[in-house]
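The structure appears right after this line, and notes come after that.
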Amino acid sequence: MDIFASKKVAVVVPIFSEEQKILGTLKSLNNQHLKPKTIVVINLISEKIFQTAHKMGAIVVDIRKKRIKKYTIFSTSPLLAFVINQGIKKVAEISKSWDYILILSAGSIVDPSFIEILVKRAEQTKSVMNIVYFDKTIFPILDSWKFGYLINFKFWKKIGLKFPLNFGWAGYLILKAISMGYHVTFSSYDRNFYPPTTHIDILEAYGYGISM
């Protein structure tokens with residue numbers, strides 16, 4: 001038996017404007033070799049999200065009536081962090097014994113081995129964060145929120161189970177993890193799947209943090 005098959009993974013999918021794409025995302029998640037134990041969809045759009053997500057076995061957190069004061073026209077960073085935090089909160093309410101949380105952008109349709117490979121890489125490299133970005137991007141950290149993060153749940157608990165509500169939360173988390181002595185890795189995703197995983201060091205993390 002694969003030693004990774006027992007890993008408990010929860011998936012959080014924030015939805016902003018991808019209502020037409022969520023069905024494909026959920027289908028690809030339900031088709032994983034290493035199936036997530038829970039999929040939480042955070043709804044910012046419409047009632048149709050409930051119907052689609054429930055049909056696919058996901059849990060929906062409705063935050064359409066909630067607001068965040070730090071959101072501005074210049075960036076969606078605080079809003080995105082706020083939305084993701086609602087999903088993480090729900091995941092933590094469901095169970096306190098997760099191995100990993102995967103934060104996946106709606107509209108991302110992934111191969112059946114996607115979660116399995118990410119978990120194996122995280123275990124083998126002892127990384128608390130495995131950040132996935134599209135292969136064609138020039139700025140991996142700036143574009144990574146458009147795809148996904150696999151994050152170790154114990155690490156999450158240590159830092160409070162929240163993304164910071166500021167401009168640059170992605171860079172901050174990377175710097176935080178590495179400053180605490182943990183590994184963070186980047187993996188690019190394309191039709192050929194994964195090239196070798198890339199580790200980043202503390203100076204690179206600091207550069208990403210201040211650039212955000």
Side-chain angles (χ1 to χ4, degrees), residues 2-14 25 28-29 32-40 80-81 84-85 87-88 91-92 98-137 139-159 161-164 168-202 204-209 212:
D2 192 328
I3 62 172
F4 303 109
S6 62
K7 297 299 179 181
K8 293 177 63 178
V9 180
V11 182
V12 172
V13 184
T25 300
S28 73
L29 286 171
Q32 292 295 298
H33 298 323
L34 178 52
K35 295 187 181 301
K37 302 296 183 185
T38 296
I39 300 172
V40 175
L80 178 59
I84 292 172
N85 284 344
I88 295 170
V91 164
W98 300 106
D99 292 301
Y100 294 95
I101 296 180
L102 171 64
I103 300 165
L104 187 69
S105 296
S108 298
I109 299 175
V110 292
D111 296 348
S113 55
F114 180 74
I115 293 179
E116 181 182 33
I117 288 179
L118 277 184
V119 168
K120 284 183 178 180
R121 289 256 172 118
E123 293 285 320
Q124 291 167 351
T125 61
K126 302 186 185 308
S127 299
V128 296
M129 293 176 63
N130 198 327
I131 300 167
V132 187
Y133 61 92
F134 287 110
D135 185 53
K136 303 302 180 184
T137 187
F139 305 106
I141 184 59
L142 299 180
D143 290 336
S144 59
W145 67 267
K146 297 176 184 177
F147 204 126
Y149 290 73
L150 182 79
I151 306 177
N152 182 284
F153 189 70
K154 289 182 180 178
F155 168 70
W156 264 123
K157 287 197 290 188
K158 279 189 177 182
I159 64 172
L161 288 171
K162 287 183 179 180
F163 275 81
W169 50 265
Y172 168 84
L173 279 177
I174 294 169
L175 185 59
K176 179 82 171 177
I178 294 179
S179 68
M180 292 171 68
Y182 295 113
H183 287 299
V184 174
T185 58
F186 282 105
S187 294
S188 64
Y189 185 84
D190 60 14
R191 288 299 175 188
N192 298 317
F193 215 40
Y194 289 100
T197 300
T198 303
H199 281 280
I200 61 172
D201 61 26
I202 189 69
E204 288 178 288
Y206 179 73
Y208 286 132
M212 295 287 282

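As the structure is a computational prediction, the values presented were derived from the model and not from experiment.
To the nearest 0.5 Å, atom CG of residue L161 and atom CD1 of residue I101 are 6.5 Å apart. With values rounded to the nearest 0.5 angstrom, I117 atom CD1 is found 8.5 Å from H33 atom NE2. The CD1 atom of I103 sits 8.0 Å away from the OH atom of Y149 when rounded to the nearest 0.5 Å. Between atom OH of residue Y182 and atom NZ of residue K154 there is a gap of 10.0 Å, rounded to the nearest 0.5 Å. For the atom pair CD1 of I88 and CH2 of W156, the computed distance is 4.0 Å after rounding to the nearest 0.5 Å.
In terms of heavy-atom proximity, P14 sits nearest to L104 at CD-O, 3.6 Å. For the pair A177 and V128, the tightest heavy-atom approach, listed with the atom from each and the gap, is CB-CG2, 3.9 Å. S28 and Q32 get closest at one heavy-atom pair: O-NE2, 2.9 Å. Summarising the geometry of V91 relative to A10, their closest heavy-atom pair is CG1-CB, 3.7 Å, with the distance given to 0.1 Å. Of all heavy-atom pairs spanning T25 and G107, the tightest one is OG1-N, 2.8 Å. Residues V13 and I39 approach most closely at CG2-CG2, 4.4 Å, considering heavy atoms.
Put simply, the side chain of V132 does not reach to within 4.5 Å of the side chain of L150, judged on heavy atoms. Looking at heavy atoms from C-beta onward, F114 lies out of side-chain contact with L34 at the 4.5 angstrom threshold. With contacts defined as side-chain heavy-atom distances shorter than 4.5 Å, the pair H183/T125 does not qualify. I131 places a side-chain heavy atom less than 4.5 Å from the side chain of I174. V11 is listed as a side-chain neighbour of I115, based on a closest heavy-atom distance under 4.5 Å.
Partners of K37 under the side chain to side chain contact (heavy atoms under 4.5 Å, CB included) rule, at least two apart in sequence or in another chain, are K8, W98. E123 pairs by the side-chain hydrogen bond (donor to acceptor under 3.5 Å, both in side chains) definition with Y100, not counting sequence neighbours.
Of the listed residues (T185, L173, I178, N152), just one forms a side chain to side chain contact (heavy atoms under 4.5 Å, CB included) with M129, and that residue is L173.
K35 NZ: more than 12 foreign heavy atoms inside a 6.0 Å radius.
Not a single donor-acceptor pair under 3.5 Å links the side chain of S127 to the backbone N or O of A122. Side-chain atoms of Q124 do not come within 3.5 Å of backbone N or O of V119 as any donor-acceptor pair.
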